[in-house]
There are 2 protein chains.
Amino acid sequence: MPKEARPSTGEQARQHALAQLRQAILQGDMAPAQRLVENELAEQFGVTRASVRAALIELESEGLVERIRNRGSRVRVVTVEEAVAITECRMVLEGLCAGKAAVEATDEQLDQLTALGEAMSKAVADGEPVTYSDLNHELHAHIRQFSGQQVAVGLLERLNAQLVRHRFQLALRPGRPQKSLSEHLAMIDAIRARDPQAAEEAVRSHLAGVIDALRE
Amino acid sequence: MPKEARPSTGEQARQHALAQLRQAILQGDMAPAQRLVENELAEQFGVTRASVRAALIELESEGLVERIRNRGSRVRVVTVEEAVAITECRMVLEGLCAGKAAVEATDEQLDQLTALGEAMSKAVADGEPVTYSDLNHELHAHIRQFSGQQVAVGLLERLNAQLVRHRFQLALRPGRPQKSLSEHLAMIDAIRARDPQAAEEAVRSHLAGVIDALRE
DNA sequence: ACGAACAAAATTGTTGACAATGTTGTTCGA
DNA sequence: TCGAACAACATTGTCAACAATTTTGTTCGT
C-alpha cells in the first residue's frame, strides 16, 4: 500500500501539478487572463516543465485554459454571452438529470434533498448568501448524482468549472437568493413527487431565471 | 504563405499526430480496445513520443482513448448502455439547438434543410442506406450549426465522435431508414415553420426513437 | 520625429536519454 | 505438479538540453 505522502517530486508529478493548477484557477488565485508561463509554473509547483505542459493540455480541453501556438497559455475568460450559452446547455442537461432522478432516486436520497431545501431556506432567512451559494451548488450536484446519468454528469461538471467566477458574482446580488430559493424548492418538490416532467420543467425554468439574471 | 507540405517532422508534430490518430480511430482503422503503444505510434506517424503523448492526453479528454497510469492507452470501447446515455444527452442538446435554429436560421439555410430532406427521401426510395446515413449526419450537423449555440455544438461534436461505431451498425438495420426518415422530415418541417417548441419536440422524439433502436 | 529593418530576449516546441512502474516468464522449493 | 519468489522485459513517466518561433527593444534612414 503506497503511503499518502505528498508526491512533491518525481512521483506523480503531472497529476500533482494538474490538481494544483486546476484548484488555483478554480479558487481564483490566478487573475483572469493571467499569463501562464510554463517555466514559472514548473518552479512554483516543484515539477518539470513537461509535467506542467501535460497539465495545461488537459486543462485546455476542460475549457479552463486557452493555449495559442507558440504564444503560451492564459486563464480563459468566460464572457457573459458564453456564460449564457453554457447555462443554456446546463438547462437542458440538468433537466434531463432531474427527470431521471425523479424516477431513479432512493427514498433516502429524497430525504437528503428535503434536508438541503430546509438548510437553504434557513440560509436565506439568516441572510447568508455565501452559505446559500454553497448549498445551491450542493443541491445541483446531488440531483446530478442521483440521476445515474454518468455522461451528463461529466459534461455538467466540466461546464460548471467554467462558471466559477460568474457564480460568485450572481450569489451576492441583492434579492437574488429569495427568487432563486422558491425555484429550488419547486425542483425539490417535483422530484419528491417522482414526477419526471415536472422536475425537468422546474429545473429548466430555474435556469432560465439564472440566464435572465446573468444578462442583468 | 507556408506551403501545405506534410509536417512530417519538427514542424507541427503534435497537431499532425493528433489529427492522424483521431482520424485513424474514427475511421475504425484501430480495432476496438486495441492497445496504443506510444513508441509504435511515434514510429508509425514519424513523430516523437512526446507528441504522441500530448495527442493521447487530448484524445483521452475527448473520450476516444482510455489511459491507465503506467499501463498505457487503449481505444475506448463504448458499450450499448453508454451509447444510450450519450444519445440521451444528444437528445436534449440537439433539442436546444433545433429550437434556436428555428428562430435564428436564415431563409437560405431553411432552403438547405429542405433540399437535404428531399435528398434523404430519395436515398431511402433508392434503397441506399449508406448515402442516407451520411445525409442524416449532415442534417444534424446543419441544424447544430444554424443554432449558433457554439457551446452545444462543441459538446455534441465530442459526443458524436464516440458513437461512430454504433452509427454504422444502426444505419444498416432493415426498416430503420423508413422510420427514421419521417422523423427527420418532421424536424425539418418544424424548423421551417419557425416553431421552436415543435422543433425541440421533434428532435427529442426522433432521438428517443434512436435510443429504442439502440436497445434493440 | 516617424517607420522599417534588424537584433536580442523570452517562451514555447521538440528531442533523446534516464528512472519508475508494471508485466511476463523462469526457477526453485515443497 | 503447483505455487511463490525472482529476474528480465516492455512500457510509461520524468527530466534537462536544444531548436524554432514570436515578441520586444533598438538603430538607422528619411
Side-chain angles (χ1 to χ4, degrees), chain A residues 1-22 24-25 30-31 33-62 64-76, chain B residues 1-22 24-25 30-76:
Chain A
M1 163 171 50
K3 52 158 121 107
E4 238 271 327
R6 67 213 154 288
S8 57
T9 172
E11 206 163 334
Q12 301 154 257
R14 180 179 128 256
Q15 284 203 321
H16 183 61
L18 176 72
Q20 285 264 52
L21 186 52
R22 180 190 280 125
I25 294 176
M30 307 286 191
Q34 178 174 340
R35 285 200 63 188
L36 299 174
V37 178
E38 297 182 357
N39 254 326
E40 293 175 9
L41 295 175
E43 191 169 356
Q44 184 175 338
F45 295 130
V47 298
T48 55
R49 209 161 66 87
S51 304
V52 171
R53 213 176 153 66
L56 285 174
I57 292 175
E58 190 152 347
L59 289 175
E60 179 189 26
S61 58
E62 286 182 33
L64 293 171
V65 163
E66 204 174 18
R67 278 162 49 89
I68 317 170
R69 236 193 96 76
N70 289 322
R71 294 265 221 108
S73 311
R74 280 171 158 51
V75 178
R76 222 195 91 181
Chain B
M1 165 169 55
K3 54 167 137 115
E4 241 272 325
R6 67 216 155 284
S8 57
T9 171
E11 206 165 336
Q12 300 155 258
R14 180 179 128 254
Q15 285 202 321
H16 183 62
L18 176 72
Q20 285 265 49
L21 185 51
R22 180 190 280 125
I25 293 177
M30 307 287 190
Q34 175 174 343
R35 284 200 64 189
L36 299 173
V37 178
E38 298 182 356
N39 254 325
E40 293 177 8
L41 295 175
E43 190 168 359
Q44 184 175 337
F45 295 130
V47 297
T48 55
R49 206 161 68 86
S51 304
V52 171
R53 213 175 153 66
L56 285 174
I57 292 176
E58 191 153 345
L59 288 175
E60 179 190 27
S61 59
E62 285 182 33
L64 269 61
V65 163
E66 205 174 18
R67 278 161 49 87
I68 319 170
R69 240 194 90 77
N70 291 322
R71 294 263 223 109
S73 311
R74 280 174 162 52
V75 179
R76 204 173 85 97

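Convention: sequence-line order gives letters A, B, ...; per-chain numbering from 1.
A:L41 CG to A:E38 CD: the interatomic distance, rounded to the nearest 0.5 Å, is 8.0 Å.
Rounded to whole Å, the distance from CG on B:N70 to P on C:dA19 is 16 Å. What separates CZ of B:R67 from C1' of C:dG22 is a distance of 15 Å, to the nearest Å. Distance, B:I57 CD1 to D:dT12 C1': 11 Å, rounded to whole Å. Residue A:R71 contributes atom CZ, which lies 8 Å from atom C1' of D:dT22 at whole-angstrom precision. If you take CD1 of A:I68 and P of C:dT11, they are 15 Å apart, rounded to a whole angstrom. Atom CZ in A:R74 sits about 11 Å away from atom P in C:dT12, given to the nearest Å. When the C1' atom of C:dT21 is taken as reference, atom CD of B:E38 falls 14 Å away, rounded to whole Å. Per the geometry, CG belonging to B:L36 stands 16 Å off C1' belonging to D:dA10, to the nearest Å.
With C:dT14, D:dT22, D:dT14 as the choices, the nucleotide that has an atom nearest any side-chain atom of B:R53 turns out to be D:dT14. Closest to the side chain of A:R69, out of C:dG13, D:dT14, D:dT11, is C:dG13.
Within a 6.0 Å sphere centred on CD of B:E43, other residues, nucleotides and ligands contribute 12 heavy atoms or fewer.
Each of B:N39 and A:R49 lies near DNA chain D, and the nucleotide nearest B:N39 is the one positioned closer to the 5' end.
Here the shortest heavy-atom pairing between B:I57 and A:A54 reads CD1-CB, 3.7 Å.
Residue contacts shown for B:L56 are absent, as no nucleic acid heavy atom lies under 4.0 Å away.
A:E60 and A:R76 are not joined by a salt bridge, as no carboxylate oxygen comes within less than 4.0 angstrom of a charged side-chain nitrogen.
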